Asker: 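Starting off with a structure, shown below.
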Amino acid sequence: MASAAPFAKMNGLGNDIIVADMRGRADRVAPAAAVTLAADPATKFDQIMAIHDSRTPGTANFIEIINSDGSMAQACGNGMRCVVQALAAETGQQLFTFETVAGILTAREHEDGTISVDMGVPRFGWQDIPLEEEFRDTRMIELQVGPIDAPVLHSPSVASMGNPHAVFWVDNDVWTYELDRFGPLLENHPVFPERANISIAQVAAPDAITIRTWERGAGLTRACGSAACAVAVSAARTRRTGRVVTVTVPGGPLHIEWRDDDHVIMTGPAEWEFSGTFDPATGAWVRDTESAA
């Protein structure tokens, strides 16, 4: 493949990630290539993190984020941890500053191998999330699933972590809800003009929350970093927890701190699986070591 670009298949707590090295190139990962890669069991992913040359002075790279359906995403915390691990292994650096469509963010690899990503400042205004209509208090909006007199899910908190999120609070085990059935309906609900990530959250303690997430453009996921952040800040806003919490996603725990300066810091692991090269136009790919296939 003359036009091949290097990639690494990685994961962040089971959130399947492809880190694509597009540095020094003028092209981009085509939506059709993303769909092709997502359809292959070996390269199935939730997000592609495409590393491009820097566009802004003071940043290391511009990161473009592509969902498995070929649509664009504004934020992916688990994917950013994978990017940091890949670049730290290559460069020996520990601190990075990146640009995404959602803004500038910094990230650091720690000595124990965990990675912290500054996910920025959450936004709660209805226009900023965005919502189709005005809600003065986004700690709880009018939205429900099921019969009007006995809804299965209702009154979510909504927030933006660079991308839109809705958090439904439940008292029961998050696994007892049919998120695979409700998720697509809620993601595409008219109240969310840019669609939304949908999370079900159960508060286990003042510093512990368990969640499951239907990810916009990707579906059910084992981990969604921006969702974990949205849940954490929404829990603090509604006085369900403090501002430092462990959010347990199906893939494992993430440490979330909503600092006094309003920035949300997410800390967790990343894992390398294999590397290869791919055609950004078609999605055709080759593993670096075929014997490992």
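If you're wondering where the values come from, they're calculated on a predicted model, not measured in any experiment.
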Asker: Can you get from Ile256 to Val174 by hopping between Ile, Leu, Val, Met, Phe, Trp and Tyr side chains that sit under 4.5 Å apart?
Answerer: no
Asker: Checking the side chain of Thr138 only, and the main-chain atoms of Phe124 only, is there a donor and an acceptor separated by less than 3.5 Å?
Answerer: yes
Asker: With side chain to side chain contact (heavy atoms under 4.5 Å, CB included) as the test, would you mind laying out the steps for Phe62 and Val101 before giving the verdict?
Answerer: CA-CA 9 Å; Phe62 179 83; Val101 293; 3.9 Å; yes
Asker: Between Lys9 and Asp16, is there a salt bridge with N-O shorter than 4.0 Å?
Answerer: yes
Asker: Using a 6.0 Å cut-off, check whether atom CG of Asp171 has over 12 heavy atoms from anything other than its own residue.
Answerer: no
Asker: About how many Å separate NE2 of His52 and CE of Met49, when rounded to the nearest 0.5 Å?
Answerer: 11.0 Å
Asker: Roughly how far, to the nearest 0.5 Å, is OG1 of Thr43 from CZ of Phe278?
Answerer: 10.0 Å
Asker: Would you say the side chain of Asp40 lies within less than 4.5 Å of the side chain of Trp285, judging by non-hydrogen atoms?
Answerer: yes
Asker: Can you tell me if Asn197 uses its side chain to pair, donor with acceptor, with the backbone of Arg216 under 3.5 Å?
Answerer: yes
Asker: Look at the side chain of Thr238 and the backbone N and O of Ser234, then say whether any donor-acceptor pair between them is shorter than 3.5 Å.
Answerer: yes
Asker: Does atom CD of Glu142 have more than 12 heavy-atom neighbours, drawn from other residues, nucleotides or ligands, at distances under 6.0 Å?
Answerer: no
Asker: Test side chain to side chain contact (heavy atoms under 4.5 Å, CB included) on Phe182 and Ile198 and set out the steps.
Answerer: CA-CA 9 Å; Phe182 302 140; Ile198 307 300; over 6 Å; no
Asker: From Gln93 CD over to Leu87 CG, what is the distance, rounded to the nearest 0.5 angstrom?
Answerer: 8.0 Å
Asker: So does Gly217 get a backbone contact from the side chain of Ser68, meaning a donor-acceptor N/O pair under 3.5 Å?
Answerer: yes
Asker: According to a hydrophobic-cluster definition based on side-chain heavy atoms being under 4.5 Å apart (Ile, Leu, Val, Met, Phe, Trp, Tyr only), do Ile211 and Leu220 belong together?
Answerer: no
Asker: Out of curiosity, His263 NE2 to Met119 CE, how far, rounded to the nearest 0.5 Å?
Answerer: 12.5 Å
Asker: Would Arg195 and Asp69 pass as an ion pair if we require N to O under 4.0 Å?
Answerer: yes
Asker: Look only at the side chain of His189 and the backbone of Val191, and say whether a donor-acceptor pair between them is shorter than 3.5 Å.
Answerer: yes
Asker: Would you find more than 12 non-hydrogen atoms of other residues, nucleotides or ligands less than 6.0 Å from Arg243 atom CZ?
Answerer: yes
Asker: Are any side-chain N or O atoms of Arg81 and backbone N or O atoms of Pro269, one a donor and one an acceptor, separated by less than 3.5 Å?
Answerer: yes
Asker: Is there a side-chain contact between Asn11 and Ile17 (heavy atoms, below 4.5 Å)?
Answerer: no
Asker: Under a single-linkage definition using a 4.5 Å side-chain heavy-atom cutoff for Ile, Leu, Val, Met, Phe, Trp and Tyr, are Trp258 and Val158 assigned to the same hydrophobic cluster?
Answerer: no
Asker: Given Leu254, which of Leu13, Ile209, Thr267 fulfils the side chain to side chain contact (heavy atoms under 4.5 Å, CB included) condition?
Answerer: Leu13
Asker: Check whether Ser54 reaches the backbone of Asn61 with its side chain - one donor and one acceptor, N or O, closer than 3.5 Å.
Answerer: no
Asker: Taking side chain as C-beta onward, heavy atoms only, is Gln47 less than 4.5 Å from Asn78?
Answerer: no
Asker: Whether the side chain of Trp126 engages the backbone of Pro130 through a donor-acceptor N/O pair (distance < 3.5 Å, no angle test) should be reported.
Answerer: no
Asker: What verdict does the side chain to side chain contact (heavy atoms under 4.5 Å, CB included) test give for Asp207 and Val244, after you've listed the backbone C-alpha separation in whole Å, the side-chain angles of each residue and the deciding distance to 0.1 Å?
Answerer: CA-CA 6 Å; Asp207 61 352; Val244 179; over 6 Å; no
Asker: Would you check, one step at a time, whether the test side chain to side chain contact (heavy atoms under 4.5 Å, CB included) holds for Val203 with Thr241?
Answerer: CA-CA 8 Å; Val203 176; Thr241 68; 3.9 Å; yes
Asker: Does any part of the side chain of Val152, heavy atoms only, come nearer than 4.5 Å to the side chain of Glu178, both counted from C-beta?
Answerer: no
Asker: With a 4.5 Å cut-off on side-chain heavy-atom distances among I, L, V, M, F, W and Y, is there a chain of contacts connecting Val245 to Met266?
Answerer: yes
Asker: So do Leu143 and Phe192 actually touch side chain to side chain, heavy atoms under 4.5 Å?
Answerer: yes
Asker: Measure from the side-chain N and O atoms of Arg287 to the backbone N and O of Phe274, and report whether any donor-acceptor pair falls under 3.5 Å.
Answerer: no
Asker: When you group the ILVMFWY residues by side-chain heavy-atom contacts below 4.5 Å and let the links chain together, are Ile104 and Ile65 in the same group?
Answerer: no
Asker: Report the C-alpha distance between Gln85 and Trp272 in whole Å, list the side-chain angles of each, state the deciding distance to 0.1 Å, and finish with yes or no for side-chain hydrogen bond (donor to acceptor under 3.5 Å, both in side chains).
Answerer: CA-CA 8 Å; Gln85 187 185 84; Trp272 183 92; over 6 Å; no
Asker: Quick one: CD on Glu194 to CD on Gln74, what's the gap to the nearest 0.5 Å?
Answerer: 6.0 Å
Asker: Measure the CZ-CD1 distance between Arg23 and Ile51 for me, rounded to the nearest 0.5 Å.
Answerer: 5.5 Å
Asker: In this structure, which one of Thr56, Val83, Val117 forms a side chain to side chain contact (heavy atoms under 4.5 Å, CB included) with Phe98?
Answerer: Val83
Asker: Judged by atom type as modelled, is there a donor-acceptor pair below 3.5 Å linking the side chain of Ser199 to the main-chain atoms of Ala201?
Answerer: no
Asker: Assess whether a salt bridge exists between Arg28 and Glu64, defined as any Lys/Arg side-chain N lying under 4.0 Å from an Asp/Glu carboxylate O.
Answerer: yes
